[in-house]
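Note that the structure is a prediction, hence the values are computed from the model and not measured.
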Amino acid sequence: MPIRAIVFDLFDTLVDLRWERMPVTEHRGKRLPASAPALHACVRRHRDVEIDEFVETMMQGDRGFAETHHRYDREVPTELRMSDMLRRLGIEDGELAHELTRVHMGVLRSGVELVAHHGDVLDRLRRTLRLGLCSNFSHSETALAVLEDAGLRDRLDPRALVVSDAFGLRKPRAEIFAEVVARLGVAAAETLHVGDSLRADVAGAANAGLRTAWITRRVSDIEDALAKHEGPRPDHVIGDLAELPALVAAGG
């Protein structure tokens with residue numbers, strides 16, 4: 001069966017997320033999110049919260065969401081996470097939650113690196129294929145802005161840009177793959193999913209009936225990753241998206 005559509009992961013697939021570019025923040029020997037100092041500064045304008053209380057409150061929230069959301073592969077939208085943290089600190093301020101979300105996403109966007117030739121690759125593919133996005137990310141607005149910055153958004157089907165915070169569920173849940181395939185109007189077996197995570201992208205897509213290509217451009221130890229992976233093996237292993245046109249031409 002020929003490939004009629006390709007669905008892409010976003011980070012470390014269409015664009016790269018360079019964590020090493022972001023500021024390193026540690027507190028009492030624990031590494032904090034790179035945005036923590038800026039978030040703390042915003043909160044302190046509303047309440048005099050010391051860093052210890054701020055960090056512990058963030059961690060309490062994350063532990064709570066691990067039980068209610070992460071264990072079921074449910075997404076935690078960034079604004080929900082920020083609102084929860086403020087509630088725990090005794091601050092009820094929707095505008096502040098918006099501000100914290102913008103600050104946090106601004107720090108993340110500072111680590112995004114564009115891959116110059118990906119636009120040309122997508123142009124070649126979209127001549128004959130339908131192209132969509134299936135991304136695990138906690139803020140759709142930022143994900144779409146990253147695509148825009150990379151010049152890739154208009155090269156994908158606008159109806160088939162599925163981001164987990166808007167959908168509610170994360171890869172490897174089969175439902176999110178079924179959603180993007182339905183929006184593309186193709187069968188799962190006619191669709192190739194491309195991503196860097198063996199669990200989320202390869203196992204998730206395979207279990208949903210899609211074909212899979214594992215992109216290893218940002219994988220530090222390919223053999224070790226495969227050895228530790230207990231799920232379905234990728235149908236294809238590629239080092240660069242530039243390999244896709246030939247892969248599709250060969251029948252996938």
Side-chain angles (χ1 to χ4, degrees), residues 7-27 29-43 51 54-55 58-59 61-62 65-66 69-70 73 75-82 85 96-122 133-156 161-167 170-171 194-201 214-222 225 238-242:
V7 174
F8 295 93
D9 173 47
L10 178 55
F11 294 105
D12 294 335
T13 300
L14 287 176
V15 301
D16 291 342
L17 188 55
R18 298 280 185 177
W19 294 100
E20 65 272 17
R21 289 186 175 181
M22 301 180 203
V24 176
T25 304
E26 291 189 359
H27 179 69
K30 294 182 179 179
R31 185 164 181 163
L32 304 180
S35 61
L39 295 176
H40 181 228
C42 289
V43 171
I51 187 66
F54 177 77
V55 170
M58 280 201 307
M59 291 180 174
D62 288 346
F65 285 124
H69 286 66
H70 296 155
D73 290 310
E75 186 58 270
V76 182
T78 298
E79 193 150 332
L80 174 61
R81 185 182 176 210
M82 297 304 166
M85 178 179 67
L96 180 56
H98 284 307
E99 180 182 358
L100 295 177
T101 298
R102 288 194 299 269
V103 168
H104 181 61
M105 286 298 138
V107 173
L108 283 180
R109 285 183 71 177
S110 72
V112 173
E113 181 177 86
L114 310 183
V115 186
H117 66 280
H118 281 180
D120 291 338
V121 173
L122 265 59
L133 176 82
C134 188
S135 171
N136 281 353
F137 197 59
S138 61
H139 195 243
S140 291
E141 182 180 333
T142 297
L144 298 178
V146 167
L147 279 176
E148 194 78 44
D149 291 344
L152 302 178
R153 184 172 179 175
D154 290 342
R155 291 173 161 106
L156 303 172
L161 304 178
V162 181
V163 183
S164 58
D165 86 306
F167 185 67
R170 293 171 55 84
K171 299 177 290 186
V194 184
D196 66 296
S197 168
L198 285 171
R199 176 180 182 267
D201 295 306
W214 182 39
I215 185 164
T216 60
R217 186 183 67 252
R218 297 273 289 146
V219 178
S220 58
D221 190 329
I222 296 171
I238 61 174
D240 194 282
L241 295 188

For V7 against C134, the heavy-atom pair lying closest together: CG1-CB, 3.5 Å
Verify the neighbour count for atom CD of E99: are there more than 12 heavy atoms of other residues, nucleotides or ligands below 6.0 Å? yes
Kindly determine whether M105 and S138 satisfy side-chain contact (heavy atoms from CB on, under 4.5 Å), including the steps that lead there. CA-CA 10 Å; M105 286 298 138; S138 61; 3.7 Å; yes
A242 versus V121, closest heavy-atom pair with distance: CA-CG2, 3.9 Å
When you compare the side chain of M82 with that of L39, does any pair of heavy atoms fall below 4.5 Å? yes
Would you say R109's side chain and T142's backbone share a donor-acceptor pair under 3.5 angstrom? no
Check whether any side-chain heavy atom of V115 lies under 4.5 Å from a side-chain heavy atom of R217, and answer yes or no. yes
Candidates D73, D201, N136 - the one meeting side-chain hydrogen bond (donor to acceptor under 3.5 Å, both in side chains) with K171: D201
Flag side-chain contact, heavy atom, 4.5 Å: R153 against L161: yes
State whether the side chain of S140 and the backbone N or O of S164 hold a donor-acceptor pair below 3.5 Å, judged by distance alone. no
Can you tell me how far the CG atom of L80 sits from the CZ atom of F65, to the nearest 0.5 Å? 4.0 Å
Looking at every non-hydrogen atom in both residues, tell me the closest pair between L114 and A150 and how far apart they are. CD2-CB, 3.6 Å
Closest non-hydrogen atoms of L108 and L17, given as atom of the first, atom of the second and distance, are O-CD1, 3.6 Å
For the atom pair CG (L122) and NE2 (H117), what is the distance rounded to the nearest 0.5 Å? 10.5 Å
Please lay out, stage by stage, how L100 and M85 fare under the test side-chain contact (heavy atoms from CB on, under 4.5 Å). CA-CA 10 Å; L100 295 177; M85 178 179 67; 3.8 Å; yes
Quick one: NE2 on H118 to CG on D16, what's the gap to the nearest 0.5 Å? 7.5 Å
Stepwise side-chain contact (heavy atoms from CB on, under 4.5 Å) test for R81 and H104: CA-CA 11 Å; R81 185 182 176 210; H104 181 61; 4.2 Å; yes
With sequence neighbours left out, write down each residue that passes salt bridge (charged side-chain N to carboxylate O under 4.0 Å, His left out) with D196, or none if nothing qualifies. none
Can you sort out the partners of F11 under ring-ring contact (aromatic ring centres under 6.0 Å, His included), two or more places apart, ordered by chain and number? F137
Donor-acceptor pair between H69 and E75 side chains, under 3.5 angstrom: no
Given D149 and V112, is the side-chain contact (heavy atoms from CB on, under 4.5 Å) satisfied, shown in steps? CA-CA 10 Å; D149 291 344; V112 173; over 6 Å; no
On a heavy-atom basis, the closest approach of A36 and F54 is O-CE2, 3.7 Å
Nearest-0.5 Å distance, CG of residue L10 to CG of residue L152: 8.5 Å
With rounding to the nearest 0.5 angstrom, report the CG to CD distance, D154 to E148. 5.5 Å
What closest approach, in Å, do L241 and T13 show between heavy atoms, and which atom pair accounts for it? CD1-O, 3.7 Å
OG on S135 to CG on D9, rounded to 0.5 Å: 6.0 Å
